[in-house]
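Scroll down for the structure; my scribbles are underneath it.
One-based numbering, in listed order, for ligands and for the atoms of each.
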Amino acid sequence: MNPTIENMLQHVSVRDFIDQPITAEQKNSLLAAARHGALSEFVQAFSIIEITDKNLRDELSNITISSPHVKKADTFYVFVADLHRQATILRNHEMSLEPIKNMEPMIVSIIDTAIAAQNMAIAAESMGLGICYIGSLRNNINQVANLLHLPDFTIPLFGMTIGVPKFKNQLKPRMLKDNDVATNYYDESKFNDLSSYDRTVKDYYMNRKTHPTDTSWTDKNLAIFKEVHRPDIAEFLKKQGFSLK
Ligand SMILES: Cc1cc2nc3c(=O)[nH]c(=O)nc-3n(C[C@H](O)[C@H](O)[C@H](O)COP(=O)(O)O)c2cc1C
């Protein structure tokens, strides 16, 4: 195993940082790594907004509810799926916006943004920094869009806190290979045979040093998917100009 993969296998989300700034050089490297990911059709449909204003940070952190570390982390980026440039190009050429309104370019922009973010995450962890994605910004996606002055055809997908780790959780056990890797065809029986993995996850949660709980992976999913989350997302996307067709 090479050092890149070793680092990837050590990933844990970090939510507790020491009070030490990331250098300008480190930030440049992180942004360069993000910007050099693979890109769907080279459309580069993402933007990254660094939140340096303290009040704005606090407001965004309050939206997340669950992630107070947004206030404290040295660096906080918001990753925006962004087809506004393409909209501007089309408008400047007096062309129809219909082709960017449908689901396909929206998916493209979401994929490009996620790849950029994960490139940044791997780069940060390779420098000994800790990261945590912040999807809970979508608790109030309309307010986030307003606070960041986001134009049409943009989606604030998630944030990422970055800093020097103070505390790291124990590694969370991933699904067994049989549960999510198959050859040629989707393997319904293996992918859904989760009893062994449930025991592993239960063991992890019961024995971890912080907030031990008696829960399995199946239990967690039941809790997450027992009700519809963030029912306002589709309306927000329509407001941003997407047809959802
Ligand atoms: C897109 C995305 C959004 C996430 N949003 C949050 C969040 O809002 N707050 C948080 O504390 N963790 C968040 N996480 C971190 C996940 O909870 C974490 O990655 C997962 O539980 C696995 O744990 P690990 O990263 O420590 O291995 C998010 C992760 C991803 C990929």
Review point. Would you find more than 12 non-hydrogen atoms of other residues, nucleotides or ligands less than 6.0 Å from Asp19 atom CG?
Key: no
Revision key, fill the gap. Side chain to side chain contact (heavy atoms under 4.5 Å, CB included) test vs Phe46 passes for just one of Val80, Asp112, Ile115, Ile110, namely Asp112
**Study point:** Heavy atoms of other groups near Met175 CE, more than 12 under 6.0 Å
**Key:** yes
**Study point:** Flag if over 12 foreign heavy atoms under 6.0 Å of NZ, Lys166
**Key:** no
Review point. With a cut-off of 6.0 Å (strictly less than), are more than 12 heavy atoms of other residues, nucleotides or ligands near NE2 of His93?
Key: no
**Study point:** Per-ligand residue contacts, ligand 1, heavy-atom threshold under 4.0 Å
**Key:** His11, Val12, Ser13, Arg15, Ser67, His69, Cys132, Tyr133, Ile134, Gly135, Ser136, Lys172, Arg174
Practice item. Decide if atom CZ of Arg91 counts as having more than 12 heavy atoms of other residues, nucleotides or ligands within a radius under 6.0 Å. Key: yes
